[in-house]
Amino acid sequence: MSRFQLSWVKTHAEALWMKRFCADAEENRGLVDRDELAQTYGDSQASSPENLEDGAPGTRTKITTWEAGWNVTNAIQGVFVLGLPYALLQSGYVGLLLLVLAALICSYTGKILVSCLYEEDETGRSVRVRHTYEDVAKACCRHICPYIGGKVVNAAQVVELVMTCILYLVVSSNLMCHSLFFLPLTPATCSAITFLILVPCMLIHDLRVVSRLSLFCSLAQFLITFIVIGYCLRQSPQWASRRLSAVTVDFDGFQVAVGVIIFSYTSQIYLPTLEESMTDRLDFDSMMNWTHALACVLKTAFSVMAFLTWGEETKEVITDNLPTALRTGLNLCLLAKALLSYPLPFYAAAEILQTGILKLDSSADGAERWTLLLRGSLLLLTLIMALYVPHFSLLMGLTGSVTGAAMTLLLPALFHLQLKWTQLDMSRRAVDILILLLGCFCSVSGVICSIKGMVTAFEDK
C-alpha cells in the first residue's frame with residue numbers, strides 16, 4: 001500500500017472517530033457562540049425569549065463557593081446517614097475502606113461530569129457549552145442514538161428521585177411508630193398518616209418556602225448527628241467489648257452495604273446546575289474536595305462510634321438504639337425533617353415526568369387537571385411501595401445499586417471517556433475505565449443481593 005493510501009486511510013479513520021465518538025464540532029461552535037453572546041450582552045439579554053434556544057437556561061441567582069459547598073453537603077449528609085452504622089455492621093472493616101473510597105470516587109466523578117459541560121474554543125479556553133446532565137447524554141449519543149441519551153438520564157433521575165421519596169416515606173413511618181410507641185399504631189397506619197400529611201405536596205407550585213425550611217432541616221440534621229456522637233462518646237468505656245473484626249461479613253450483606261454507602265454520597269444530578277450558579281466556577285473542584293473530605297470524616301466517625309456503642313445490636317436506623325426519652329425527642333425531630341424533605345424530590349420527579357418525559361403542555365386546556373392527576377399518582381405510588389417494601393436498609397441499598405451506581409459511577413465515567421478521549425492521557429483513561437467496570441459490578445451485584453434480601457425478608461414475615 002502506498003504512502004498516499006496510508007495517509008488517506010488514517011485521515012478517514014480519524015474523521016470517523018471524531019464523528020462517532022467525540023462531541024460534535026458544529027454543536028460546540030454554535031454553543032460557544034451562544035455562550036460568548038451571553039457574556040457580551042449580559043444575562044438579561046441572553047435569557048430573553050428571543051435569545052433562548054435548545055432549552056438554554058435563563059438568569060440564575062449566583063451563589064458563593066461556600067453556599068455551593070453547603071448545598072453539596074446537604075445532599076450527601078442527609079437523613080440517610082442514619083443507615084450507615086448498619087451498613088458498617090454488614091460490611092465489617094471493609095466498610096471503613098468503602099466510606100473513604102466512595103468519597104474519593106464520587107468527588108472525582110462529580111468533577112469529570114462537570115468537565116463534560118465544557119469544550120475548548122479556538123484559543124484553547126474552556127467554554128461552557130452544555131447546561132445539564134441531559135445535555136451531556138445527548139452530546140454523547142448524538143450520532144449513535146440521538147433520542148435515547150437524554151431519555152435514559154431523565155428516566156434514571158426519576159427513578160432515583162421516586163426511590164428517595166419512598167425512602168423518606170419509609171423512614172417517616174418508622175420514626176412515627178417508634179416515637180408514638182404509647183399509641184396502638186401499626187406500621188401501615190403510620191404510613192397512611194404520613195401519606196395524608198404529604199397530600200398538600202400535590203399543590204406545590206413554588207418551592208421557595210420549602211427551600212427556606214430545608215435550611216433549618218439541615219441544621220437539625222447536624223444537631224441530631226452530633227447528639228448521637230455525644231451519646232456514643234459517653235458510652236466509650238464499653239467500646240472495648242465491641243470489635244469490628246468479629247463481625248462475619250457475607251457477600252449479600254456486603255453488596256447491600258455498598259449500595260447504601262454509594263447512595264449516601266449521591267449528588268451528581270444537582271452538580272451541573274449548582275456549578276452554573278457559582279460566582280467563581282474555578283473553585284468548583286476545590287469545593288468538591290473539601291465537602292467530600294468533610295463528609296468522609298463525619299460519616300466514618302459517626303458510623304464507627306455508633307457501631308462501637310451498640311455492636312451487633314445496631315439497628316437499620318441508628319436512633320432506634322437510643323434510650324427511650326432521648327430517642328423519642330430525636331425521632332420527632334427526624335420525623336419533621338423527613339416530612340419537610342419529601343416535597344423537594346417529589347416536585348423534581350413530577351416536573352421531569354411532566355416536561356421531560358410525558359411532554360405535557362402546561363398552557364394547554366386541562367393542564368392543571370393532568371398535573372394533579374400525575375402528582376396524585378406519584379404520591380400514591382410512593383405509599384404503595386413504602387407499604388410493600390418497609391425495609392429501610394434494603395431499599396436504600398437497592399436505590400444505590402440501581403440509580404446511585406449509574407448516575408454516580410457509570411455515566412460520568414462513560415461520558416468523560418467519550419467526550420474527552422483525545423484529551424486524556426493513559427492513566428486518566430485507565431482510572432475512568434476502572435470506575436466504569438466498578439460501577440457495572442456494584443450495580444448488577446447490588447441489585448441481585450438487595451432483591452434477594454427483600455425476598456428473604458418477605459418470606460420471614
Side-chain angles (χ1 to χ4, degrees), residues 55 57 60 63 68-80 102-103 105-117 128 130-141 149-168 207 210-211 214 218 259-278 284 287-288 291-292 295 341-357 378 382 396 398-416 419 435 439 442-443:
R60 296 187 186 275
I63 59 175
W70 176 254
N71 283 303
V72 172
T73 301
N74 288 342
I76 60 179
Q77 293 276 23
V79 69
F80 305 124
I105 293 177
C106 292
S107 174
Y108 173 76
T109 56
K111 289 183 285 189
I112 63 174
L113 174 63
V114 167
S115 73
C116 291
L117 302 172
R128 204 176 205 270
R130 304 178 188 94
H131 300 282
T132 64
Y133 209 145
E134 183 183 359
D135 290 341
V136 176
K138 287 180 178 178
C140 290
C141 301
K151 293 185 182 298
V152 168
V153 169
N154 278 336
Q157 288 181 10
V158 168
V159 170
E160 181 167 337
L161 291 167
V162 169
M163 296 290 271
T164 303
C165 290
I166 296 169
L167 281 166
Y168 277 128
L207 284 179
V210 179
S211 298
S214 295
S218 300
V260 170
I261 291 171
I262 291 175
F263 186 71
S264 73
Y265 280 106
T266 300
S267 64
Q268 271 68 7
I269 61 176
Y270 311 110
L271 295 181
T273 302
L274 191 66
E275 189 266 353
E276 186 175 23
S277 301
M278 291 177 63
F284 178 80
M287 181 272 294
M288 289 291 291
T291 52
H292 282 73
S341 298
Y342 182 96
L344 295 172
F346 175 82
Y347 182 85
E351 286 295 302
I352 294 174
L353 278 172
Q354 184 175 346
T355 60
I357 297 178
L378 192 59
T382 61
M396 189 173 169
L398 179 62
T399 305
S401 300
V402 175
T403 59
M407 302 294 288
T408 305
L409 304 179
L410 277 171
L411 295 182
L414 180 62
F415 294 162
H416 193 236
L419 292 173
I435 293 175
C442 291
S443 185

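- Distance CD/Gln157 to CD1/Ile352: 4.5 Å, rounded to 0.5 Å.
- Side-chain atoms of Val136 and Leu117, non-hydrogen and from C-beta on, do get closer than 4.5 Å to each other.
- Interatomic distance, Tyr108 OH to Leu409 CG, rounded to the nearest 0.5 Å: 12.0 Å.
- Between the side chain of Gln354 and the backbone N or O of Ala349, no donor-acceptor pair lies under 3.5 Å.
- Between the side chain of Ser107 and the backbone N or O of Ala103 there is no donor-acceptor pair closer than 3.5 Å.
- With no hydrogens or angles considered, a side-chain donor-acceptor pair links Thr382 and Tyr342 at under 3.5 Å.
- A salt bridge is absent between Lys151 and Glu134; no separation between the charged side-chain nitrogens and carboxylate oxygens falls under 4.0 Å.
- In terms of modelled atom types and a separation under 3.5 Å, the side chain of Thr408 and the main chain of Cys106 share no donor-acceptor contact.
- For the pair Arg128 (side chain) and Arg130 (backbone), a donor-acceptor distance under 3.5 Å is present.
- Phe346 places none of its side-chain heavy atoms less than 4.5 Å from the side chain of Tyr168.
- At a threshold of 4.5 Å between non-hydrogen side-chain atoms, the residues Phe284 and Ser115 do not count as touching.
- To the nearest 0.5 Å, atom CE of residue Met288 and atom CD of residue Glu275 are 10.5 Å apart.
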